[in-house]
Amino acid sequence: MTSSLKPIGLFGGSFDPVHLGHINLAESAVDLIGLEQVRFIPLNAPVHREASLTRLEDRLKMLHSVLRPPFFLDETEINRGGVSYTVDTLRSFRDEYPTRSLCLLLGKDSFDRLDSWRSYDELLSIANIVVAGRSNSYNGIPAHLKSTFESALSESVASLHSKKCGVLYFLEAPLTDVSSSEIRCNILKGESLIGLVPDEVAFFIEQNKLYRT
Ligand code: ATP
């Protein structure tokens, strides 16, 4: 049985730093889907990335400075320690919320690379997946993921409320064309962060001289 409560959005990332693309995605998901809340889940240790992350304490402080209800910081992956696998995170939320609709929020770039994620073909058996396109991206399932995901595709927001898992939904939302790597690069080049990160984050980066090397 699915809970009658609104779905919970789960949004994982390195958030190094959190930027307006992240915030706008979460806001669109709350507005267009009617999520009760979005949990921002900073990863503890990345799977795919060679580059080291900024100190956890600083990533958390930046998130703390901008997250207001219905957005919440969630330390599930940090508390678990080790490499952060989304499938493990979804399983722990499913244990906590056996009947609730859980919506994993993903940018389109992450979705397109999903076949490199551990147990990616199990994700829909645990949660729904909501994909948000970055600007100019094509909203669709790439050929290499069709056999796994096509049958789950739905154009109905209601299905994200009525089913606790198993639905793939593309969010029709204008999104901000920005990435954390672009921001880190801009800082190295001495370029402005206006329009890319919330003011609180720009201030924190400046005060703590982050991303200068
Ligand atoms: P990096 O540039 O270092 O790879 P990033 O900007 O992609 O970082 P992450 O914290 O790694 O940020 O991403 C977390 C999630 O947010 C991923 O699902 C990613 O696809 C999504 N995302 C990041 N930027 C945007 C954006 N501008 N619009 C929509 N989704 C985004």
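Positions are given from 1, in the same order as the sequence printed here. Numbering of ligands and ligand atoms starts at 1, following listing order.
Side-chain atoms of Lys164 do not come within 3.5 Å of backbone N or O of Tyr97 as any donor-acceptor pair. Although no hydrogens or angles enter the test, the distance criterion places a donor-acceptor pair under 3.5 Å between the side chain of His161 and the main chain of Ile33.
Not a single N or O atom of Leu106, backbone or side chain, sits closer than 3.5 Å to an N or O atom of ligand 1. Checked against a 3.5 angstrom limit, the closest N/O atoms of Asp177 and ligand 1 fall outside it. In terms of polar-atom proximity, Asp16 is not counted as a contact of ligand 1, lacking any N or O under 3.5 Å from an N or O of the ligand.
For the ring pair (Phe, Tyr, Trp, His ring centres under 6.0 Å) with Phe111, the lone residue among Tyr120, Phe149, Trp117 that qualifies is Phe149.
Among Leu171, Val131, Leu25, the residue whose heavy atom lies nearest to atom 29 (C) of ligand 1 is Leu25. Summarising the contacts of atom 6 (O) of ligand 1 with Ser14, Ser180, Gly13, Cys185, the nearest heavy atom is found in Ser180.
Interface of Ser110 with ligand 1, defined as ligand atoms under 4.0 Å from a residue heavy atom, comprises 17 (C), 18 (O), 19 (C), 20 (O). When each atom of ligand 1 is checked for a heavy atom of Phe15 under 4.0 Å away, the hits are 10 (O). For ligand 1, the atoms closer than 4.0 angstrom to any heavy atom of Ser181 are 1 (P), 2 (O), 3 (O). Every atom of ligand 1 with a heavy atom of Gly12 under 4.0 Å away is listed here by number and element: 14 (C), 15 (C). Using a 4.0 Å cut-off to heavy atoms of Thr176, the atoms of ligand 1 that qualify are 26 (C), 27 (N), 28 (N). Within ligand 1, the atoms closer than 4.0 Å to a non-hydrogen atom of Arg184 are 3 (O), numbered from 1 in the order shown. For ligand 1, the atoms sitting less than 4.0 Å from at least one non-hydrogen atom of Asp109 are 19 (C), 20 (O), numbered in the order shown with element in parentheses.
Within a 6.0 Å sphere centred on CG of Asp199, heavy atoms belonging to other residues, nucleotides or ligands number 12 at most.
To the nearest 0.5 angstrom, Arg94 atom CZ is 8.5 Å from Ile126 atom CD1.
Judged by a 6.0 Å distance limit and a 45° cone about the ring axis, Arg118 is positioned over the six-membered ring of Tyr85.
When every heavy atom of Thr176 is checked against every heavy atom of Gly21, the shortest pair comes out as CB-CA, 3.9 Å.
At a cut-off of 3.5 Å, with distance as the only test, a side-chain donor of Ser159 or Ser154 sits close to an acceptor on the other residue. Side-chain contact of Ser192 with Asn186: a donor-acceptor pair under 3.5 Å is absent, judged by distance alone. Side chains of Ser180 and Asp16: no donor on one and acceptor on the other come within 3.5 Å.
Lys108 does not count as a contact of ligand 1, since none of its heavy atoms falls under 4.0 Å from the ligand. Distances from ligand 1 to the non-hydrogen atoms of Phe11 include at least one value under 4.0 Å. Within the 4.0 Å heavy-atom cutoff, Glu182 does not count among the residues contacting ligand 1.
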